[in-house]
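Working notes, beginning with the structure itself.
Not measured: the values here are computed from a predicted model.
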Amino acid sequence: MNNRILVVEDDITLNQQVCALLNNRGYQVDCLHDGEQGLSQALAVDYDLIILDIRLPSMEGYEILAQLRK
């Protein structure tokens, strides 16, 4: 399985837990804590799934989603 997942979650513990779980299941996971970094990464890489928190530093999840849909 080579599915690529981006996790953007500012809660460090939750981010680590979600990323570890997905890694253990064989997914290739990139984990970030900041909204602007998340948007930049999402635009640079072709992800199969993006998991976004709604409230993030620098840019909220809804704003990231709107930018990605453009």
Under 3.5 Å, is there a donor-acceptor pair between the side chain of Asn15 and the main chain of Asp11?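 Answer holds: no.
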So, Ser58 side chain and Asp34 main chain: donor-acceptor pair closer than 3.5 Å or not?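 Answer holds: no.
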Do you know which two heavy atoms are closest between [X] and [Y], and how far apart they sit?
| X | Y | answer |
| --- | --- | --- |
| Leu68 | Ala42 | CD2-CB, 3.7 Å |
| Leu6 | Gly38 | CD2-O, 3.7 Å |
| Arg55 | Asp10 | O-OD1, 3.4 Å |
| Leu52 | Gly61 | CD1-O, 3.6 Å |
| Leu56 | His33 | CD2-O, 4.3 Å |

Path from [X] to [Y] over hydrophobic side-chain contacts below 4.5 Å:
| X | Y | result |
| --- | --- | --- |
| Val8 | Leu49 | no |
| Val7 | Ile50 | no |
| Tyr62 | Leu39 | no |
| Val29 | Leu14 | yes |

Is it true that Tyr27 and Asp48 share a donor-acceptor pair across their side chains at a distance under 3.5 Å?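 Short answer, no.
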Straight-line distance of [X] [atom1] to [Y] [atom2], nearest 0.5 Å:
| X | Y | atom1 | atom2 | answer |
| --- | --- | --- | --- | --- |
| Gln67 | Ser40 | CD | OG | 12.0 Å |
| Ile64 | Gln37 | CD1 | CD | 10.5 Å |
| Glu36 | Glu63 | CD | CD | 8.5 Å |

Would you mind reporting whether Ile5 and Gln28 have side-chain heavy atoms less than 4.5 Å apart?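 No; the side chains remain at least 4.5 Å from each other.
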Is there a side-chain contact between Leu21 and Gln17 (heavy atoms, below 4.5 Å)?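 They are not in contact (no side-chain heavy atoms under 4.5 Å apart), so the answer is no.
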Salt bridge Arg4-Asp30, side-chain N to carboxylate O under 4.0 Å: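 Looking at Asp30 together with Arg4, the answer is yes, because their closest N to O distance falls below 4.0 Å.
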Decide side-chain contact (heavy atoms from CB on, under 4.5 Å) for Leu22 and Ile51; before the verdict, give the C-alpha distance in whole Å, the side-chain angles of both, and the deciding distance to 0.1 Å. CA-CA 11 Å; Leu22 292 169; Ile51 300 173; 4.1 Å; yes
